[in-house]
There are 4 protein chains.
Amino acid sequence: MTRRTPLMLQIVTGDPRPIARQIVDGIRRQIVAGELEVGAALPSVRGLAQQLAVNPNTVAKAYNELSAEGWLDTRAGLGVFIATPRQRLSESERARRLEEAVQRFIGDVIALDYPADEVLERISYELGKCVPRKTA
Amino acid sequence: MTRRTPLMLQIVTGDPRPIARQIVDGIRRQIVAGELEVGAALPSVRGLAQQLAVNPNTVAKAYNELSAEGWLDTRAGLGVFIATPRQRLSESERARRLEEAVQRFIGDVIALDYPADEVLERISYELGKCVPRKTA
Amino acid sequence: MTRRTPLMLQIVTGDPRPIARQIVDGIRRQIVAGELEVGAALPSVRGLAQQLAVNPNTVAKAYNELSAEGWLDTRAGLGVFIATPRQRLSESERARRLEEAVQRFIGDVIALDYPADEVLERISYELGKCVPRKTA
Amino acid sequence: MTRRTPLMLQIVTGDPRPIARQIVDGIRRQIVAGELEVGAALPSVRGLAQQLAVNPNTVAKAYNELSAEGWLDTRAGLGVFIATPRQRLSESERARRLEEAVQRFIGDVIALDYPADEVLERISYELGKCVPRKTA
DNA sequence: GTGGTCTAGACCACG
DNA sequence: GTGGTCTAGACCACT
C-alpha cells in the first residue's frame with residue numbers, strides 16, 4: 001500500500017517566487033534530499049491545495065511541471081507518485097542551465113558586496129543538504 | 001572635469017533577464033570591479049538608449065534603480081555619475097537578498113545533479129572575477 | 001524588425017487531442033518543417049486566442065509548454081519568438097520517449113488490421129514532410 | 001468444450017495508459033497475433049481482476065469495449081469468448097483511427113529528432129511481431 | 001474519489 | 001501593448 005505522505009511544505013507570501021514555483025522547488029528538494037521515497041504517493045491536488053490554502057489549479061500546475069521534468073508520475077484517477085530518478089537532460093542543456101543560474105546568481109549577489117568565502121560557504125551548506133545521492 | 005565613459009555594455013536578446021535588469025547588473029558589476037571610476041559620468045539616458053537600441057524608458061528605469069540603491073548620483077541638468085562608495089543597503093536587507101539569491105540558485109541548480117565541487121568552483125571563479133576588494 | 005507571422009493553424013473540435021496539445025503539435029511541426037524561421041515573432045497570446053476562438057489561457061499554456069521544451073523564447077512585454085534549435089534531452093530520455101510512442105502507436109493501430117506496408121508508408125510520408133533538417 | 005486460456009497479461013504501473021486500455025490493447029494484440037484461438041474462453045471478469053490485482057470494474061470495462069468492437073462474445077451465464085473474425089470496424093472508422101494514430105505518433109516523435117529510417121525500422125519490427133496475416 | 005482541461009476574469013511586471 | 005500568475009468554477013475520463 002502507498003503511504004499518503006503528509007508533505008511538509010509552506011508557502012511564504014513574502015517570497016518573490018510565484019506559489020507554483022515554491023511548490024515545485026520544495027518538492028524537488030525533498031526528492032533530491034531523499035526525504036520522499038520513490039513510489040510514494042503525494043497528497044492529492046485538492047488535498048494539498050486545501051492544506052496550503054491555494055487554488056487547486058496552482059497545485060496542479062506545480063505537479064504538472066514536476067511530471068514534465070520527470071520527477072513525478074501522475075496517473076489519472078489514482079494520484080501522483082514519486083517517479084524513479086533518471087537523467088532527462090542532455091549534457092549541453094545541463095551545462096547551459098548551470099551557466100544561466102550562475103550568471104543570474106552572480107548578478108543578484110555581486111551588488112551585496114559579501115566576501116566571496118561567505119557566499120561560497122552558504123552555497124556549499126545548502127548544496128550539502130540536498131545532494132547526498134549521485135547521478136541517476 | 002568629467003570623462004564621458006563610453007560604457008561597454010551589451011544587451012543579449014536571448015538572455016531571460018529583462019533588459020532593464022541586464023543594464024543594472026552590467027553597470028553594477030563594472031562599478032564593483034572598479035572598471036568605472038567614482039565620479040565618472042555615464043552616458044545620458046537617451047544616449048545609452050540609442051547605443052543599446054532599446055527604449056529610453058528602459059534605460060531611465062535602470063538608472064533610477066541604481067540611484068535608489070546608491071550606486072549612481074543623478075545631478076539635474078548635468079547627468080549621471082558614479083556615486084562615492086558607501087554602504088548601499090542595510091545589513092538586514094543585504095542578508096535577505098543573499099538568502100533569496102541562494103535559495104533561487106539552489107532551486108535552479110539542484111535539478112541538474114552536478115557535483116557540489118563543480119558548482120562551487122564555477123561560483124568561486126565568477127566571484128573572483130568581480131570582487132577584488134574585501135568589503136566596501 | 002520582426003515579422004508577426006500570421007501562423008496557419010486550425011483547431012479541430014472532433015480531434016481527441018486537447019486544444020492546447022493541438023496548438024503545441026501544430027507549431028512544433030511548423031518549426032521542424034522550417035516553415036517558421038528562427039527569431040520570428042509568433043502572434044501574441046491574446047491575438048492567437050482570438051484567431052482560434054479559444055481562451056487566452058489555453059494559448060498561454062501551449063506557448064509555455066513550447067518554451068519549456070526549448071522551441072520558443074518568450075520575453076515578457078515583447079512577445080514570443082522561435083528559439084534557436086538545440087538538443088535538450090539526454091540520449092536515454094529520447095530513446096525512452098521513442099519507445100513509449102511506438103508502443104502506443106502499435107496499440108492504437110494493431111486493432112485496425114491494416115497491412116504493415118500501408119501503415120509504414122503513411123508514417124514515412126508524414127515523417128518526410130517534417131524532418132528535412134538534421135540534429136541541432 | 002471450451003479451454004480456459006490462462007491469458008498472459010501484465011499491467012505495468014509505470015505505463016501512462018490507463019489500466020483498462022492496457023488490458024484492451026493486450027488482449028486485442030494476442031487475438032491479432034493468433035495467440036488466442038477463436039472460440040477460446042477468457043478468464044472471468046472477477047478472475048482476471050484478481051489475477052491482475054485491479055478493480056473488477058476495470059476488467060469489465062475492458063471486456064465491454066472489446067465486445068463492442070466485435071473481438072469478444074459475451075454469453076450470459078457462460079463466460080466471455082474470442083469472437084469469430086470479421087470486419088470489426090467500418091472502413092471510414094478504420095481510416096479515421098489510423099489517421100488519428102499517425103498524427104499523434106508524429107506529434108510525439110517529431111520532437112525527438114530521430115532519423116526517419118530508425119523510426120520506421122522500429123515500427124516495422126513491432127508491426128511484424130503482431131501482424132502475421134495480410135487481412136482479416 | 002483521482003487528475004486533466006477549459007473558460008472567465010482579475011492583477012502584476014515589463015517595455 | 002506584451003506575457004505571467006492566480007482564482008473560481010465547470011465538465012470530462014479513469015478507478
Side-chain angles (χ1 to χ4, degrees), chain A residues 2 4 11 13 16-23 41-49 52-65 67-68 72-81, chain B residues 11 16-23 49 52-62 65, chain C residues 2 4 11 13 16-23 41-49 52-65 67-68 72-81, chain D residues 11 13 16-24 49 52-62 65:
Chain A
T2 50
R4 283 262 163 187
I11 299 309
T13 60
R17 289 174 301 173
I19 299 177
R21 183 80 205 286
Q22 290 187 47
I23 299 174
L42 269 70
S44 73
V45 169
R46 291 167 180 82
L48 185 56
L52 301 178
V54 301
N55 190 292
N57 285 337
T58 306
V59 175
K61 190 179 176 187
Y63 277 6
N64 275 334
E65 262 180 63
S67 294
L72 301 182
D73 265 342
T74 136
R75 306 194 35 84
L78 283 180
V80 181
F81 307 86
Chain B
I11 299 309
R17 290 174 301 173
I19 297 176
R21 183 79 206 287
Q22 291 186 47
I23 298 174
L52 301 177
V54 301
N55 193 307
N57 289 334
T58 307
V59 174
K61 190 175 174 184
E65 202 172 315
Chain C
T2 51
R4 283 261 164 188
I11 299 309
T13 59
R17 289 174 300 172
I19 299 178
R21 182 82 205 287
Q22 290 186 48
I23 299 174
L42 269 71
S44 73
V45 168
R46 291 167 179 82
L48 185 56
L52 301 177
V54 300
N55 190 293
N57 286 338
T58 306
V59 175
K61 188 180 176 185
Y63 277 5
N64 275 334
E65 262 180 60
S67 295
L72 301 183
D73 266 341
T74 137
R75 307 199 29 89
L78 283 178
V80 181
F81 307 84
Chain D
I11 300 308
T13 62
R17 291 175 300 173
I19 297 178
R21 183 78 207 286
Q22 290 187 47
I23 299 174
V24 167
L52 301 178
V54 301
N55 193 307
N57 290 334
T58 307
V59 175
K61 189 176 174 186
E65 202 173 314

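The model shown is predicted, which means the values in this text are computed figures rather than measured ones. All values below come from the heavy atoms of this structure, side chains included, with hydrogens, waters and symmetry mates left out. Reminder, nothing fancy here: chain letters follow the sequence lines and each chain counts from 1.
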> State which residues pass side-chain contact (heavy atoms from CB on, under 4.5 Å) with A:Pro18; sequence neighbours excluded, sorted by chain then number.
A:Arg21

> What residues form a side-chain contact (heavy atoms from CB on, under 4.5 Å) with B:Asn57, not counting sequence neighbours?
B:Asn55

> With side chains defined as the heavy atoms from C-beta onward, is the minimum distance between B:Glu65 and B:Ile23 less than 4.5 Å?
no

> With A:Ala60, which residues qualify under side-chain contact (heavy atoms from CB on, under 4.5 Å), at least two apart?
A:Val45

> Heavy atoms, side chains only, cut-off 4.5 Å: are A:Tyr63 and A:Ser44 in contact?
no

> Without decimals, in angstroms, what is the distance between C:Leu72 CG and F:dG4 C1'?
15 Å

> I'd like to check the side chain to side chain donor-acceptor pair (under 3.5 Å) partners of D:Arg17; sequence neighbours left out, ordered by chain and number.
D:Asp15, D:Asp25

> Please convert DNA chain F into dot-bracket. A pair counts if it is Watson-Crick or G-U wobble with both distances under 3.5 Å; crossing pairs go in [ ] and bases paired with another strand get |.
||||||||||||||.

> On the nucleotide F:dT2, are OP1 or OP2 found under 4.0 Å from the side-chain N or O atoms that C:Thr74 carries?
no

> Find out whether C:Val54 and C:Leu48 are in side-chain contact, i.e. whether some heavy atom of one side chain is under 4.5 Å from a heavy atom of the other.
no

> What string of B, S and - do you get for nucleotides 7-15 of chain F, 5' to 3', when a contact is any protein heavy atom under 4.0 Å?
BBB----BS

> Return the value, rounded to whole Å, for the distance between atom CD1 of B:Ile23 and atom P of E:dC14.
13 Å

> In Å and rounded to the nearest 0.5 Å, what is the CG to OG1 distance from B:Leu52 to B:Thr58?
10.0 Å

> Without decimals, in angstroms, what is the distance between A:Glu65 CD and E:dG4 C1'?
16 Å

> What is the separation between atom CG on A:Asn64 and atom P on F:dT5, rounded to the nearest whole Å?
14 Å

